[in-house]
Amino acid sequence: MKFDELKLHPSLLKAVKDQNYLTPTKIQEKAIPLILNKKDILGSAQTGTGKTAAFALPILHHLIIEKKQNSKISVQVLIVTPTRELAIQIGESFTSYSKYIDIKNTVIFGGVKQGKQTEILQKGVDILIATPGRLLDLMGQGFISLKNVSYFVLDEADRMLDMGFINDIKKLLEKLPSKRQSLFFSATMPSNIIKLSNSILNDPEKVAVHQISTTAETIKQVIYYTNKSDKKDLLNHILNDKIITQVLVFCRTKHGADRVVRNLTKIRIDAAAIHGDKSQVQRQRALQSFKEKRIRVLVATDIAARGIDIDKLNYVINYDIPNEAETYVHRIGR
């Protein structure tokens, strides 16, 4: 199947072509027709499967058609994600897909001053991508109304619950119109996720494109056996290979990530850390420098495992192995 067979608006197909998307992924092939038909979706998909395009493209298609009938700018689409990095990544994707249409999106998250965010909101946006805390905060201040939301996406729902956002999600659900299309995505489907989905979705279609806790078939995996005391030297040895020009390294702790960066800097390898103790500005600066290949190594804790999307990233190193299989899947899916 080709993208032009999915019956998306020509402006979207043009934007997709600019992104060099030729063939839809499995979740895109399954989900896009259902969303175009206004079905609620219960989706199970691992990181790196093209999930964002699977919901963004059909939602944009609906907005293009509906905007001809109603030109009023208000929040019509709400996408809620657990982390700032993931919210920013989704926002970038919507911006890319909206290249040839007049549909505005913005991203709001905590950890930064709200002034620039509220200024954009007051000008009016069609699509709002948000983390739960800042969203509820700005709703409480009167900057955001959800009364006109027609499309609601809850992304990375399992991660959302792991981070303790369940009460925030329940508060948001109370403010959403009952008449809406809802899309629910989670990498795993334990009983608490199923229970939450039942409170959000109306007669949903189930879309699953992988077995739980399995990695993408396109990823080659290698294991090195070493002692803890030798890990630093092993990492240095691996990075002696000049073919590895860009690598994402995962550590278990914030202190561990900083330690790895210090050790790499000592041997003149450009590296930066991204974790919860870094400010949003620091995290975005490090991520942007990595994307632009101004630094060779980005060292991250799992706060970034589901929010980083680097085009053509060939190498991911687990300096510390995570405790959960799902976390490993998301790490290497970057």
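No hydrogens, no waters, no symmetry mates; every other heavy atom, side chains included, goes into these values.
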Counting only pairs under 3.5 Å, give me each side-chain donor-acceptor contact of residues 252-272, with atom names and distances, residues two or more places apart or in other chains.
residue	atom	partner	partner atom	Å
R252	NH2	I321	O	2.5
T253	OG1	G256	N	2.9
K254	NZ	D277	OD1	3.3
D258	OD1	H275	NE2	3.0
D258	OD2	H275	NE2	3.3
N263	ND2	R259	O	3.3
T265	OG1	V261	O	2.8

Tabulate below the donor-acceptor pairs under 3.5 Å that side-chain atoms of residues 201-208 make, not counting sequence neighbours, or state none.
none

Subject >> Verdict with supporting geometry, L34 and K30, side chain to side chain contact (heavy atoms under 4.5 Å, CB included) >> reply: CA-CA 7 Å; L34 294 171; K30 290 182 177 182; 5.6 Å; no

Subject >> side chain to side chain contact (heavy atoms under 4.5 Å, CB included) between I144 and I108, intermediate numbers included >> reply: CA-CA 11 Å; I144 298 171; I108 62 169; 3.6 Å; yes

Original post:
Does the pair Q89 and T81 meet the rule for a side chain to side chain contact (heavy atoms under 4.5 Å, CB included), with working shown?
Top reply: CA-CA 10 Å; Q89 179 58 44; T81 71; over 6 Å; no

Subject >> Stepwise side chain to side chain contact (heavy atoms under 4.5 Å, CB included) check, V80 with D168 >> reply: CA-CA 11 Å; V80 180; D168 288 347; over 6 Å; no

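Proximity of a side-chain donor or acceptor of E5 to a complementary backbone N or O of K2 within less than 3.5 Å is detected. No donor-acceptor pair under 3.5 Å is formed between the side chain of R283 and the backbone N or O of E85. Counting only distance, with no hydrogens or angles, the side chain of Q117 and the backbone of Q114 share no donor-acceptor pair below 3.5 Å. Not one N or O on the side chain of R134 forms a donor-acceptor pair closer than 3.5 Å with the backbone of T131. In this structure, K231 contributes its side chain and Y319 its backbone to a donor-acceptor pair below 3.5 Å. A donor-acceptor pair under 3.5 Å links the side-chain atoms of D241 to the main chain of I243, judged by distance alone. S186 places no side-chain N or O within 3.5 Å of a backbone atom of M189 that could act as its donor or acceptor partner. In this structure a side-chain-to-backbone donor-acceptor pair under 3.5 Å is missing from Q246 to N314. No donor-acceptor distance shorter than 3.5 angstrom exists from the side chain of S98 to the backbone of T95, with no hydrogens or angles considered.
Two residues are said to be in side-chain contact when any heavy atoms from C-beta on lie closer than 4.5 Å; L239 and R296 meet this criterion. Using a 4.5 Å cut-off on side-chain heavy atoms (C-beta onward), L146 and F152 make no contact. Side-chain contact check for V75 versus S145: every heavy-atom pair is 4.5 Å or farther apart. Here the side chains of H61 and L36 are in contact, with some heavy-atom distance below 4.5 Å. No side-chain heavy atom of T118 sits less than 4.5 Å from a side-chain heavy atom of Q141. The shortest distance between side-chain heavy atoms of I35 and Y151 does not fall below 4.5 Å. Within the 4.5 Å cutoff, the side chain of I64 has heavy atoms near those of the L12 side chain. A 4.5 Å side-chain heavy-atom check between E29 and T23 finds every atom pair outside the cut-off.
Distance check, rounded to the nearest 0.5 Å: CG of D230 to CG of N236 gives 11.5 Å. Rounding to the nearest 0.5 Å places CG of D155 at 9.5 Å from CG of D158. Atoms CG and NZ, from N167 and K170 in turn, are 6.0 Å apart once rounded to the nearest 0.5 Å. From Q19, atom CD reaches atom OG of S93 across 8.0 Å, with rounding to the nearest 0.5 Å. Atoms CG and CG, on L135 and L172 in that order, are 5.0 Å from each other to the nearest 0.5 Å. Interatomic distance, L57 CG to F94 CZ, rounded to the nearest 0.5 Å: 8.5 Å.
Tracing side-chain contacts under 4.5 Å through hydrophobic residues (I, L, V, M, F, W, Y), one reaches I27 starting from M1; they form part of the same cluster. M160 is connected to M139 through a chain of hydrophobic side-chain contacts under 4.5 Å among Ile, Leu, Val, Met, Phe, Trp and Tyr, so both are in one cluster. Residues I90 and L183 fall within the same hydrophobic cluster, defined by Ile, Leu, Val, Met, Phe, Trp and Tyr side chains chained together at heavy-atom separations under 4.5 Å. Linking ILVMFWY residues whenever their side-chain heavy atoms come closer than 4.5 Å, directly or via other members, leaves V316 and I244 in distinct clusters. Hydrophobic clustering keeps I238 apart from L313 (ILVMFWY residues linked when any side-chain heavy atoms are closer than 4.5 Å, directly or through intermediates).
Shortest non-hydrogen contact noted between A15 and S96 is CB-O, 3.7 Å. Of all the heavy atoms in L248 and A300, the pair that sits closest is CD1-CB, 4.2 Å. The heavy-atom pair separating Q28 from A53 by the smallest distance is NE2-CB, 3.4 Å. Minimum heavy-atom separation, V107 to G91: CG2-CA, 3.8 Å. Here the shortest heavy-atom pairing between I32 and A54 reads CG1-O, 3.5 Å. When all heavy atoms of Q181 and K39 are compared, the pair lying nearest together is NE2-O, 2.7 Å.
The local environment of OH in Y100 is crowded, with over 12 non-hydrogen atoms from other residues, nucleotides or ligands closer than 6.0 Å. A 6.0 Å sphere centred on NZ of K17 holds no more than 12 heavy atoms belonging to other residues, nucleotides or ligands.
When L196, V153, I41, D40 are each tested for a side-chain contact (heavy atoms from CB on, under 4.5 Å) with F184, only one passes: L196. Shown are L128, D126, I127; of these, the side-chain contact (heavy atoms from CB on, under 4.5 Å) with T106 is made only by L128.
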